[in-house]
There are 4 protein chains.
Amino acid sequence: MARKPLTQPRKNAVQQRSRATVDALVEATARILVREGFEKASTNRIAEKAGVSIGSLYQYFPCKEALVAAVIDRHNAEIMRVVRSALAEVADRPVAQAVRRLVAVAIEAHRIDPRLHRVLAEQIPRTGRLKNIEAFNREAHALFRSYLEAHRDELRVADVELAAFLCATSIEAVAHTAVLHGNEALSDEATDALVEQATRMVVGYLQ
Amino acid sequence: MARKPLTQPRKNAVQQRSRATVDALVEATARILVREGFEKASTNRIAEKAGVSIGSLYQYFPCKEALVAAVIDRHNAEIMRVVRSALAEVADRPVAQAVRRLVAVAIEAHRIDPRLHRVLAEQIPRTGRLKNIEAFNREAHALFRSYLEAHRDELRVADVELAAFLCATSIEAVAHTAVLHGNEALSDEATDALVEQATRMVVGYLQ
Amino acid sequence: MARKPLTQPRKNAVQQRSRATVDALVEATARILVREGFEKASTNRIAEKAGVSIGSLYQYFPCKEALVAAVIDRHNAEIMRVVRSALAEVADRPVAQAVRRLVAVAIEAHRIDPRLHRVLAEQIPRTGRLKNIEAFNREAHALFRSYLEAHRDELRVADVELAAFLCATSIEAVAHTAVLHGNEALSDEATDALVEQATRMVVGYLQ
Amino acid sequence: MARKPLTQPRKNAVQQRSRATVDALVEATARILVREGFEKASTNRIAEKAGVSIGSLYQYFPCKEALVAAVIDRHNAEIMRVVRSALAEVADRPVAQAVRRLVAVAIEAHRIDPRLHRVLAEQIPRTGRLKNIEAFNREAHALFRSYLEAHRDELRVADVELAAFLCATSIEAVAHTAVLHGNEALSDEATDALVEQATRMVVGYLQ
DNA sequence: CATGAATGAGTGTTCATTCAT
DNA sequence: AATGAATGAACACTCATTCAT
């Protein structure tokens with residue numbers, strides 16, 4: 001009952017151990033996913049790479065999908081932290097500035113862990129409960145739409161929802177493709193040019 | 001080119017039979033992919049649905065991936081036929097007209113077999129040799145870029161390659177998402193509005 | 001017999017606690033056996049249902065079989081209490097009366113916890129040390145045989161041992177099957193008729 | 001369509017091979033069941049003992065239970081062949097003769113493969129679809145009841161159904177216990193005495 | 001060419017049991 | 001004593017692929 005009295009003994013030690021095991025498992029899953037792909041990510045292999053017994057794996061994750069979902073959630077959380085803070089930051093800025101920032105942030109977000117992002121976006125069978133990747137896109141879209149609605153008087157589009165869909169989809173696709181499908185890493189100049197042009201396209205449309 | 005003209009009938013018969021077997025296998029694969037997903041598409045099941053023995057399947061396809069690749073190729077070919085003819089058709093039209101037509105065609109293309117398109121885009125592990133889905137995108141992008149280069153004097157963009165990437169990526173993403181991720185089928189009005197706005201965005205940027 | 005009388009209270013407390021833990025474990029095992037069957041009765045689940053750690057379970061029971069054996073022993077003890085007291089009660093009665101009472105008691109005994117009885121009789125793999133269910137039968141048979149030997153002069157059978165085997169086996173099987181394999185619970189009338197006829201069969205044979 | 005023209009070529013060869021595999025699997029299952037018990041009868045072990053790959057096992061049996069069910073069916077079929085023919089044989093005989101024969105047959109039936117019978121009766125978890133063991137008992141009971149009904153005028157019992165239940169259950173239990181739970185094999189004299197006494201008990205009751 | 005029986009490495013998952021804390 | 005995290009052998013089952021017929 002009495003907690004945080006400077007020393008959290010046993011239980012905390014226990015919690016730390018558990019936590020370390022869980023982290024090791026999620027991390028091992030992500031690594032295998034990135035290096036060898038979804039097909040090679042068997043539970044036994046994950047446990048082995050995590051330095052944990054297969055029994056322990058199933059103490060913390062009810063099935064293989066839960067492990068992959070944890071990786072997805074962790075990655076999505078990182079991305080959404082960046083996206084949410086950017087959108088909060090530009091909430092009161094005019095559309096031209098806001099869009100430029102959001103395009104830049106979309107690229108940044110895709111650079112957090114591009115190879116993992118690629119695997120999650122392209123290699124995971126989107127069956128059953130593993131639909132979560134789109135979930136985060138939906139949240140990002142919704143936030144962007146809220147911004148546009150708040151700035152409706154600056155816009156010269158009739159249907160804000162449609163405009164939001166158009167712009168958010170385009171920005172995401174451009175950032176995704178540029179970061180993941182370019183043959184080489186984007187140079188700073190190329191990135192600047194991309195941001196500049198994408199911003200021009202979107203702002204030109206909205207205003 | 002001309003071979004053994006005497007036994008040609010026989011050989012033709014054989015070739016026809018082979019062709020029919022191959023077609024049946026590809027068709028069965030596509031059907032199972034659409035109806036039951038990649039995970040259920042085992043080679044034995046495909047052979048059974050195609051009314052062919054598993055041995056025969058391996059006479060025509062060296063491995064499972066080759067079968068899936070054939071489905072992808074067939075689908076891509078259908079799409080590219082539409083895209084190529086549209087681009088040929090608009091080759092000499094002004095940008096505004098051409099873009100409107102291309103946006104409409106992008107949507108049409110995604111409607112050819114949306115459920116198959118979805119499976120191919122989302123459910124197939126993109127391991128090893130199964131990268132072909134992007135291949136077709138690359139061709140479409142290249143064709144569009146050629147168009148823009150031929151109409152460079154109508155444009156007010158500095159970097160045509162970058163502009164082509166931006167526009168083609170956006171159009172593809174918008175069409176893909178609208179067709180496959182909308183909760184219901186797009187109405188005609190919604191489609192018209194989408195085409196109108198996407199065209200405005202792209203043309204506004206290019207000119 | 002009398003040990004360390006000074007620390008007895010403490011020790012008693014401990015013993016009581018132990019006793020309670022053991023009881024909880026046996027009870028939990030029985031409940032799971034009845035409600036979910038042998039296959040679901042894992043040691044971890046038993047410990048959980050008993051509100052005891054898996055470590056404690058192994059402090060009191062060396063292995064899973066020991067737990068199941070304890071359930072069997074407890075159930076057998078209950079049954080044998082009934083059977084023994086009935087046999088004591090009829091020890092001096094004539095055969096006709098005694099048999100009628102014993103048939104009734106056999107049915108009563110199977111009704112003590114029919115679902116548990118069924119699981120113990122049908123679902124537990126009778127491997128290794130888990131043969132105990134027959135043990136109780138052996139004791140009941142022996143008691144019945146003693147009764148018959150004491151009343152030998154009332155009987156017109158040559159081989160009392162064989163007669164005891166025949167009658168005890170038949171009574172047990174009839175009671176068992178009637179209680180556990182009848183589609184519905186036995187009505188009072190049906191039970192009466194069953195007792196009447198079984199008694200007639202056995203007494204007719206013995207006398 | 002045209003079948004049995006003296007030679008059943010290919011297909012027959014194929015069928016023979018399949019049949020041999022199936023037989024080997026059922027036989028291996030029975031052997032392991034007898035020698036090592038249900039718990040040791042894993043599908044991999046069965047396949048190995050049958051000299052067949054685990055894959056082949058699953059080509060012919062959809063799950064482990066199906067394998068065990070096949071063993072049960074095979075054993076039941078053997079027993080029922082004996083029981084059915086005995087009942088057909090005695091159909092027109094008077095009760096006293098018929099019962100003596102049936103008791104003898106019950107013992108014979110339990111001697112067909114006593115160790116297998118024991119495992120099937122005692123060691124197989126009677127879960128789900130593995131209830132078949134009782135099914136054969138039901139058939140034997142029904143046949144016996146039919147006999148009694150046909151000979152009702154010879155009997156002095158009020159309720160033929162109840163009498164059939166009583167006698168069939170008793171005979172089965174006595175035969176089962178005598179064959180399987182006696183410490184040693186029954187001598188011929190002991191068997192004769194058992195048949196004699198059981199017959200006396202049952203006939204005395206019926207008439 | 002066609003067949004389909006056969007293969008066996010590999011999968012996800014369970015569970016009795018141990019042992020450091 | 002009590003705890004519960006950890007273990008890992010074992011299980012039922014799948015499926016891409018081979019090869020004798």
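Just so we're on the same page: letters track the sequence lines, and every chain starts at 1.
A/Thr21 has no side-chain polar atom (N or O) that falls below the 4.0 Å cut-off from OP1 or OP2 of F/dA5.
Each of B/Thr43 and D/Ala41 lies near DNA chain F, and the nucleotide nearest D/Ala41 is the one positioned closer to the 5' end. Each of C/Lys64 and D/Asn44 has a nearest nucleotide on DNA chain E; the 5'-most of these lies closest to D/Asn44. Nearest-nucleotide assignment on DNA chain F puts the 5′-proximal partner with D/Lys40, out of B/Ser42 and D/Lys40.
Between the side chain of D/Ser56 and the backbone N or O of D/Val52 there is no donor-acceptor pair closer than 3.5 Å.
Taking atom CG on C/Leu67 and atom P on E/dC15, their separation rounds to 15 Å, with Å as the unit. Rounded to an integer number of Å, the gap from CD1 of D/Ile46 to C1' of F/dC13 is 13 Å. Residue B/Phe61 contributes atom CZ, which lies 20 Å from atom P of F/dC15 at whole-angstrom precision. Spacing between atom CD of A/Glu39 and atom P of F/dT14 amounts to 18 Å, rounded to whole angstrom units.
Closest heavy-atom contact between D/Leu57 and D/Ile46: CD1-CG2, 4.1 Å. B/Leu120 and B/Ile72 make their closest contact through CD2-CG1, 3.8 Å (heavy atoms, listed as atom of the first residue, atom of the second, distance). The two residues C/Ala70 and C/Phe61 make their nearest non-hydrogen contact at CB-CE2, 3.9 Å. Closest heavy-atom contact between D/Val119 and D/Val34: CG2-CA, 4.0 Å.
For B/Glu27 and B/Arg74, the salt-bridge test passes: some basic side-chain N is under 4.0 Å from an acidic carboxylate O. The pair A/Glu36-A/Arg45 counts as a salt bridge, with a side-chain nitrogen and a carboxylate oxygen less than 4.0 angstrom apart.
Rounded to whole Å, the separation between the C1' atoms of E/dC1 and F/dT21 comes to 13 Å.
Once rounded to the nearest 0.5 Å, the distance linking OG of D/Ser18 with CD of D/Gln59 reads 8.5 Å.
Among the heavy atoms of the strands lying under 4.0 Å from D/Tyr60 are primed sugar atoms or P, OP1, OP2 only; no base atom is included.
In this structure, a donor-acceptor pair under 3.5 Å is absent between the side chains of A/Tyr60 and A/Thr21.
Taking every heavy atom of residues 48-59 of chain D and every atom of DNA chain E, pairs under 4.0 Å involve D/Val52, D/Ser53, D/Ile54, D/Gly55, D/Ser56, D/Gln59, by number.
Comparing the helix axis at one end of the helix from E/dA2-F/dT21 to E/dT21-F/dA2 with that at the other, each defined from 5 consecutive pairs, gives an inter-axis angle of 10° (nearest 10°).
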